[in-house]
Structures are given as C-alpha cells and as structure tokens.
There are 2 protein chains.
Amino acid sequence: MPNQRRGAPRSESARLAILQATARLFAQRGYEHLSIEGIAAEAGVSKQTIYRWWPAKSDLVADCLLDGMLLPSRLTIPDTGDLRADLIAWLEQLFQLLQEPDGRGLMISLIAAATANEQIGGRLRDSLGGESSLVARLATGVEAGQLRDDAPVAELGEALVGAMIVKALSGRPGESADAVRLVDALLVPPD
Amino acid sequence: MPNQRRGAPRSESARLAILQATARLFAQRGYEHLSIEGIAAEAGVSKQTIYRWWPAKSDLVADCLLDGMLLPSRLTIPDTGDLRADLIAWLEQLFQLLQEPDGRGLMISLIAAATANEQIGGRLRDSLGGESSLVARLATGVEAGQLRDDAPVAELGEALVGAMIVKALSGRPGESADAVRLVDALLVPPD
DNA sequence: ATAGTAATACGCAACGCACCGTATTGGTGA
DNA sequence: TCACCAATACGGTGCGTTGCGTATTACTAT
C-alpha cells in the first residue's frame, strides 16, 4: 500500500476562494477582461497558487462552469410532461436573459470561453451546464410519445442551443414568438 | 459641395497591405493571437496608420470578413433548384472543413471574433459572409414550393448555422449522415 | 516519545517579455 | 499648406516564470 501522501495537503479554502473570485470577476467583467493577476488579488491568493493547479485561464473557467457557479439556475430545462411547452418556456427564459445587457454579456463571455476550451463548448452543448441536459429532456419526450422514435435528438438539441447562440452573437434578442416558431419548426409530432 | 480635400489622400496600398496582412495572420495564428503590432510589421506599416482608421482589432477583422478575405469560397450555398440537396451539400462541406484542424481553427477564430463584434456575428448568421445568404436560399425554396409558405425561414437559418457552430465549439466534427439527419429534421415539406 | 528530514503548499516579490494605446518627429506628395 | 505616412519612444498592463522564506504534514531514526 502505497505511499501515503507527504507534505502539506492542498488548501481547500484557497481553491474555493479562487473559484469564487473567478466566478465573481467573470460575471462582472466578462471572460475577455479576466486576468490571472486580477483573480489572485480578488481571491487573496498568490499567482503561483493558481498556476500550480490550473494550466490556463480557460481551465479555471471550465471548473467554475462545472461547479455551476457561472449560470443562473433558471436556465435549466423544466419537465412538466409537455415537451413543447417545456422547450418554449426554456427558450423564452433564455431569450429574456439575452435581452438584459448583463445577460447577453454573460452568454457572450461563455461563448468566448468555449472558443478557448472544448470542454466548455461541450457543456454549452449539453446545454448550459446545469444538472439537467437538453438532450435528456428530448429523449424523455420520445419515450412519452411526443416525438417520433427516430427523431435525431442530438441534432435537435444542437440546433436549439445553436439558434440561441447565433441570436446572442448577432445581437438580435429574440422574442417569445420566435421561441414558439423555432420549437414548432423543429418538433415534428409523431405521425 | 464644397469641400476640397486638403492634404494627401488615404493610401490605398497601405489599406490593402493592412487588410491582407490581417487575413494572412488570422489564418495562420487565429484571432486570439492576432496583434496590432504583428499586423503592422507584417504589412510594413506603422501602428499609427492602423489606429488612425480602425478603432479596434475586431473592426479590422470585420472589414476583412466583409471583403471575403477570410473564408474559403467553397462555403457559399449552392442553388441547383433542389433545396434539400443544396442544404445537405452545404452542411457536408462545412462539416468537412471542421474536420481539418486548420478548418476548425478558422471557424473557432471567427466565433471568437464574433464574440467581440456584433457585425461579425451578423455576418456569421447571414451565413459566413459570402455573397449568397442562407436565408435567401431558404426563401427561394419557399417560392419553389419546397417549403411551406409559413416556414420560419429566419429561425431555420439560425438553427442550421447554430448547429454547425455548436459542433465546432464542442469539438464533435459531424459526419455526412448528421447533415442529412439535421436537414431532414428541420425541413418539413409542404403538406 | 521526540527530534530530525523530506516533501509539498503557500505568500511575497521580482523578472523579462509581449502587446497595448498614445505621443512626437520628420519626410512626402496633393 | 496640410493630411497622410514611417519611425520611434513612452507608460501601462498582464503574462508566465523564478527564487525566497515559511507552514504543514508524513516518514524515520533515535
């Protein structure tokens, strides 16, 4: 039985302080203006302690996203049993977020971060990193007979998230009616 | 109309050299590693000449995109009369591009640039800045009776481009079969 | 038990580098 | 004459790395 670890254990408080500082500054200033030195100062920690554990800024942000520290909780997909209604409600929430300047900034920053780190892109795709996954919700819809058995669930999920991303990038907010149209265009009911 | 212009006119050769250098370095190193000083050196021009005409790096890139200097020409949407076949062919071209490492890098860089500049995002949405627009092609499909009259053309376009963007960001290439599935999921034929 | 040693983590401070955006200067051509 | 240009310099900011001194912990030899 192999060697017990020697030396001081990693400081949990430092780890937490760094992640929280990252989340705070990410929300305040966005991904672009995030700096390691700024995070270190905000967390009350030395730069080296960050560099020791995270190779790059993007990995730090990825860890934050993984811990759900970057996104408002209202962005997870509901499951009331009615797939169409759930998707529309979820998209409307997203569109509403994009209309608030800070909300759009947050989304843009997430996309920018995804640009630097595939993991973040994956999380965005599996839709916004929350507990519940968009694709899983679609699969539930298939089981409930609200979607054809052979519906390309993964593709539909990518199309939905992608449409939102394009709206964010091009700066067209997207209204409630757009959410309805998009969902109705994508969701072909079974036979 | 008065204004005689006084002094020397803007140097067209400097303008071109700057745009071409930007395009070259963008393709080589990506948006992240693009620097004004690097562009100036590559173009054989002083920094001031760049700052005089473009307020920010992202505007410079936007101008390049506008002039079609950043994208391979094969990414424009064909119009053979068969909407479904055209869309599938176009998506397959895109997916193939994403499978080449350089191609994916190019797309990621474009997305990163869009993150910093709404105009670039708009160009991406109108799809990839070429002469032909994806939405226009869809509209042609409506006229040809290959799509329902009330098909939400704009939303479909965003969904298609968005799906591709999500694939690029999350690092899943996307194969030919995916293109077919996606198009068939989105395109509901008229009645 | 108690010291000593080794391994590890930490904060602090400083380094050279790249790039930023802004002057200033002097040359050149309409 | 005066707008354009190249060249050069400047103060800032952030990068990623290094060296230093100090805790904290486990192993080991007394």
Side-chain angles (χ1 to χ4, degrees), chain A residues 1-64 109 112-113 115-117, chain B residues 1-64 109 112-113 115-117:
Chain A
M1 294 353 341
N3 275 335
Q4 276 283 49
R5 232 188 101 5
R6 273 222 260 199
R10 176 172 182 182
S11 158
E12 177 65 11
S13 65
R15 193 190 130 265
L16 259 185
I18 290 168
L19 287 178
Q20 287 168 355
T22 302
R24 206 155 42 234
L25 293 179
F26 187 95
Q28 277 176 24
R29 308 199 204 288
Y31 183 74
E32 299 288 324
H33 301 102
L34 208 57
S35 76
I36 299 285
E37 300 202 334
I39 294 170
E42 174 84 9
V45 144
S46 80
K47 273 205 294 180
Q48 299 66 11
T49 302
I50 299 182
Y51 280 113
R52 197 173 351 252
W53 300 107
W54 290 278
K57 188 172 67 169
S58 62
D59 299 280
L60 189 44
V61 172
D63 269 15
C64 278
S109 279
T115 265
N117 187 314
Chain B
M1 311 320 55
N3 271 337
Q4 271 289 60
R5 251 295 284 73
R6 308 233 285 177
R10 176 173 182 182
S11 157
E12 176 65 11
S13 65
R15 191 190 133 265
L16 260 184
I18 290 168
L19 287 178
Q20 287 168 355
T22 302
R24 208 155 39 235
L25 293 179
F26 186 95
Q28 277 176 24
R29 312 198 203 286
Y31 183 75
E32 299 287 325
H33 301 103
L34 209 57
S35 76
I36 300 286
E37 300 202 335
I39 294 170
E42 174 85 7
V45 143
S46 81
K47 276 204 293 178
Q48 272 307 327
T49 302
I50 298 182
Y51 280 111
R52 189 169 2 247
W53 301 107
W54 291 276
K57 187 173 68 170
S58 63
D59 300 280
L60 188 45
V61 171
D63 269 14
C64 278
S109 279
T115 265
N117 187 313

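Proteins come first, then strands; the chains are lettered A, B, ... in the order of their sequence lines, and each starts at number 1.
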query = Starting at the 5' end of DNA chain C and moving along, which residue's nearest nucleotide shows up first, B/Lys57 or B/Gln48?
reply = B/Lys57

Starting at atom [atom1] of [X], determine the distance to atom [atom2] of [N], rounded to an integer number of angstrom.
X       : N      : atom1 : atom2 : value
A/Arg15 : C/dC10 : CZ    : C1'   : 17 Å
A/Glu32 : D/dT13 : CD    : P     : 19 Å
A/Glu37 : C/dG16 : CD    : C1'   : 13 Å
B/Glu12 : D/dA3  : CD    : P     : 21 Å
B/Ile50 : D/dA6  : CD1   : P     : 9 Å
A/Arg6  : D/dA26 : CZ    : C1'   : 6 Å
A/Lys47 : D/dT13 : NZ    : P     : 14 Å
B/Arg29 : C/dC19 : CZ    : P     : 9 Å

Phosphate OP1/OP2 of [N]: any [X] side-chain N/O under 4.0 Å:
X       : N      : value
A/Thr49 : C/dA9  : no
A/Arg52 : C/dC10 : yes
B/Trp53 : D/dC5  : yes

message = Donor-acceptor pair, distance only, cut-off 3.5 Å: does the side chain of B/Arg52 make one with the backbone of B/Pro55?
response = no

key: Flag side-chain contact, heavy atom, 4.5 Å: B/Leu19 against B/Trp54   = yes

key: Contact check, side chains of B/Val61 and B/Asn117, non-hydrogen atoms, under 4.5 Å   = no

Candidate pair B/Ser35 and B/Glu37, rule side chain to side chain donor-acceptor pair (under 3.5 Å), full reasoning = CA-CA 5 Å; B/Ser35 76; B/Glu37 300 202 335; over 6 Å; no

Between [options], which nucleotide gets closest to the side-chain atoms of [X]?
X       : options               : value
A/Ser35 : D/dT24, D/dG14, D/dA6 : D/dG14
B/Val45 : C/dG11, D/dA6, C/dC20 : D/dA6
B/Tyr51 : C/dT8, C/dT22, D/dT24 : C/dT22

inquiry  = What contact category does B/Gly44 fall into here, base, sugar-phosphate, or nothing, at under 4.0 angstrom with non-hydrogen atoms?
reply    = sugar-phosphate

message = Less than 6.0 angstrom from the centroid, inside 45 degrees of the normal: does A/Arg15 satisfy that with respect to the ring of A/Trp53?
response = no

